[in-house]
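So the structure is just underneath, and the comments pick up after that.
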Amino acid sequence: MPVTNEEIAELFESMATLLEMKGDTVFKIRAYQRAARTISHLSFSLEQAIRDDVDLKNIPGIGKAISEKTQEYLETGRVRAYEELIGELPDGVLTLMTIPGIGSKTAMLITQELGISTVEGIEKAIHEGTLAALPRMGQRTADNILRHIQSMRTKDGRTPIGQALAVAEATVSALRAECPYVEQLYPAGSLRRWEETIGDIDLVGVAPEDLQSGVGDVLVELPSVQEVLVHGPRKTSVVLEEGIQVDLRLGDADAFGAMLQYFSGSQQHNIRLREYANRRGFSLNEYGITNLASGDVARLPDEGSFYEYLGLPYIAPELRIGLNELDAAQAGALPNLVTEADLKGDLHLHSEWSDGRDPIERMIEAAVEQGYQYMALTDHSSGRGIANGLSNERLVEQMGILRDLQSQYPITILCGSEVDIRADGTLDYPDELLAELDVVVASVHSAMGQDSDTMTQRIIRAMEHPSVTIIGHASTRLLSRRQPVQFDIEALLRAARETGTAMEVNSAPERMDLKDTHAHRARELGVPLAINTDSHHFTSLGQRRFGVAIARRAWCESRHILNTLPLDQFLAYIRTPKPHRLEIFESRTDSAATVTTSTSFSNPPAAP
DNA sequence: GCCGTTTTCGGCCCGACTGTTTTCAGTCG
């Protein structure tokens, strides 16, 4: 089994926790945490990098010690230092740390004084009163821990962004209705950075100083609130019925830039930014930028002026990982990120002919409403019996209808199909039929349990087909519902490049597929990315914002995206045989090919 | 443990809130 970056990141995250237990220096703990978070955001696999003789010490935050431990883990499957730490500490400390409200000190106290190593053991100790009797504990603390344990059981982990965004927007509307004096109210945090899953919803807003705490008072009274975690003058945290935590902060209009920046994170980005600021004689917090020499505080109304004050260009929230975006910003090398407005077409749409819910005409109208120059209708192929896939005859009939409809609409209608990649890598229509289509999206919908080698070869075989334009939602994952299929992403992307096949960034918020790190690698390898919505309903075309967010997190500019090509060049692309069509993609002559300087300095972004 | 446009040694981000405390430790983000 290949070793994933996530696995290595978890190891170092655990090491940080164990060092914290041991009472080791916070800087060492932070070094492991930083390394773990960096590793989880890398676009390439560490295992592959070691095979390619890459020096891991070139990765920011990874030095000699962590590089050696990574190699040790890849070679032997274990890390001695980790095992020694585990051996030194009481059983169960890592388990107890997963309970909110229990940190390293409390976990150590509980395991040492009470010999408890399980969540169930803690519950028992709370009911028996032994937990509350510990030093610096008490009945209220014990009750809070019990509540946290109960809410852990009703909700597991993070919320997919689509769901979290809907909850955030509903909460913002409810607060606005009750507090008309709130001027700006935005989701910050991981939602604003468009991470695929959201830990909790951070809301940041502007209100007159004497009314700021009142917004928190309104929040705790909302009917959707299940539990109040924190309710102070500046900060309020609640848990909603959905099990999602909402943190609310209000600030002054003239210092809103600092507040929005502070609560947009990521934590690693902010740590790096504050280190950068310290080296230049400034200290940062949510209220402004303090000049350490004079003590003067600059209050900055928006993020653009905040970064500018530090001598940096605006760094888009999607880039604030804490990896290398600060270096790029200082070097003037930040990408001019792709935007929704750059998209010229949608290449993956379904109608009621297969498993969509709307007539073809409604889907065409929706594409026109997006301002597109072209669209491809891509209903399912015949193998998708469950999705009412089109037989050969129905596909021919549909093509005829689409050509007849063309004259009625101010958009180029392309004949397409989302054709099944069968278990052996063959496609679900005969070659002659596929050759008649303008756009073929080839996707896996079955036999998802194949081993990595089989699945990789299966998809590569589909890429080698001359008619396949795009590989659709390659991993087939459904966030928090279905795990991705196993494949070698590096091999897939290299094959995509060699065959001249584009990879889809599927915008459906439950898919977000490719994911950001894979899209990042695709861009690095020169693989065209197609941002599609896979809409099964006319209202879903707006979900492109999720796909655009993935592309932005992957540092994509307009020129990296296939469906930002203007119509004439897109037609030339699909009419040129693979793999030579890549030459058209790379020599594009539209304005997207020339990098313009970002002007998005002053305006606060639209939510999130 | 990592790192350098003052440094290869001596630094390392910052504040809110809670609960248990008579002044603050622990946790979180």
Side-chain angles (χ1 to χ4, degrees), chain A residues 12 15-17 19-21 23-38 56-70 81 96-110 132-145 147-148 188-191 193 198-204 212-213 216 228-237 245-251 258-259 261-290 292 311 322 327 330-331:
Chain A
F12 289 133
M15 279 199 71
T17 307
L19 290 166
E20 200 181 344
M21 300 286 177
D24 215 318
T25 158
V26 293
F27 306 112
K28 193 163 160 183
I29 295 163
R30 274 223 295 269
Y32 276 103
Q33 284 172 338
R34 182 184 173 196
R37 284 158 210 182
T38 295
L56 302 187
K57 294 201 291 297
N58 291 332
I59 301 169
I62 296 185
K64 185 163 180 287
I66 291 181
S67 168
E68 284 173 0
K69 288 184 177 68
T70 303
L96 300 194
M97 281 279 288
T98 61
I99 301 168
I102 295 188
S104 57
K105 297 288 195 297
T106 311
M108 282 298 274
L109 185 70
I110 292 171
L134 289 172
R136 287 201 67 84
M137 297 291 282
Q139 197 54 51
R140 296 184 71 123
T141 305
D143 290 344
N144 282 339
I145 290 172
R147 286 213 325 265
H148 283 128
S190 52
L191 205 44
R193 301 195 309 276
I198 304 302
D200 47 41
I201 296 170
D202 295 295
L203 298 180
V204 182
Q212 288 172 7
S213 67
V228 177
L229 298 173
V230 169
H231 185 36
R234 294 179 178 280
K235 177 182 174 183
T236 303
S237 294
Q245 182 175 330
V246 176
D247 297 338
L248 175 69
R249 296 286 299 249
L250 275 296
M259 177 152 286
Q261 196 287 323
Y262 187 97
F263 290 104
S264 292
S266 68
Q267 193 174 25
Q268 290 299 313
H269 173 82
N270 283 1
I271 289 173
R272 297 264 290 138
L273 189 65
R274 283 172 228 153
E275 287 169 352
Y276 166 91
N278 283 351
R279 288 196 295 273
R280 281 155 187 79
F282 298 109
S283 173
L284 310 182
N285 63 23
E286 61 264 58
Y287 306 109
I289 301 176
T290 306
L292 291 170
D327 301 325
Q330 289 174 74

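We use all heavy atoms of the structure for the numbers below, so side chains are in, but hydrogens, waters and symmetry mates are not. None of these values were measured; they are calculated from a predicted model. Convention: sequence-line order gives letters A, B, ...; per-chain numbering from 1.
B:dT8 is unpaired under the Watson-Crick or G-U wobble criterion, no partner having all donor-acceptor distances under 3.5 Å.
In terms of the side chain to side chain donor-acceptor pair (under 3.5 Å) criterion, residue partners of A:N144 (sequence neighbours excluded) are, by chain and number, A:R147. Partners of A:D327 according to the side chain to side chain donor-acceptor pair (under 3.5 Å) rule, which considers only residues two or more places apart in sequence or in another chain, do not exist here.
A straight line from NZ of A:K64 to C1' of B:dT8 spans 14 Å, rounded to a whole angstrom. Atoms NZ (A:K57) and P (B:dG1) sit 14 Å apart, rounded to a whole Å. Distance CE (A:M108) to P (B:dA25): 19 Å, rounded to an integer number of Å. Residue A:I102 contributes atom CD1, which lies 20 Å from atom P of B:dA25 at whole-angstrom precision.
Between A:G216 and A:T236, the closest heavy-atom pair is CA-OG1, 3.5 Å. Across all their heavy atoms, A:A132 and A:A142 have their closest contact at CB-CB, 4.2 Å.
Judged purely by atom type and a 3.5 angstrom limit, A:N285 uses its side chain to pair as donor or acceptor with the backbone of A:G288.
Contacts of A:S237 with the nucleic acid, taken as non-hydrogen atoms under 4.0 Å apart, are absent. As judged by a 4.0 angstrom heavy-atom cut-off over every strand, A:L273 is placed among residues making no nucleic acid contact. Counting any heavy atom pair closer than 4.0 Å across all strands shown, A:I271 reaches a base atom.
Checked against B:dG26, B:dG1, B:dG29, the side chain of A:Q245 finds its nearest nucleotide in B:dG29. For A:D202, counting side-chain heavy atoms from C-beta on, the closest listed nucleotide (B:dG29, B:dG26, B:dC12) is B:dG29.
Applying the 6.0 Å contact sphere to CZ of A:R140 captures no more than 12 heavy atoms from other residues, nucleotides or ligands.
Residues A:Q245 and A:D247 have side chains in contact (heavy-atom distance under 4.5 Å, counting atoms from C-beta outward).
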Distances for protein N or O near nucleotides 14-20 of chain B N or O, under 3.5 Å:
unit_1 : atom_1 : unit_2 : atom_2 : d
B:dC14 : OP1    : A:N278 : OD1    : 3.3
B:dC14 : OP1    : A:S283 : OG     : 2.6
B:dC14 : O2     : A:Y262 : OH     : 2.9
B:dG15 : OP1    : A:N285 : ND2    : 3.2
B:dA16 : OP1    : A:Y287 : OH     : 3.0
B:dC17 : OP1    : A:P233 : N      : 3.3
B:dC17 : OP1    : A:R234 : N      : 2.6
B:dC17 : OP1    : A:K235 : N      : 2.7
B:dT18 : OP1    : A:H231 : N      : 2.9
B:dG19 : OP1    : A:N144 : ND2    : 3.0
B:dG19 : O3'    : A:T141 : OG1    : 2.8
B:dG19 : N2     : A:R136 : NH2    : 3.0
B:dT20 : OP1    : A:G138 : N      : 3.3
B:dT20 : OP1    : A:T141 : OG1    : 3.3

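Along DNA chain B, the nucleotide nearest to A:P100 and the one nearest to A:R280 differ in position, and the one closer to the 5' end is contacted by A:R280.
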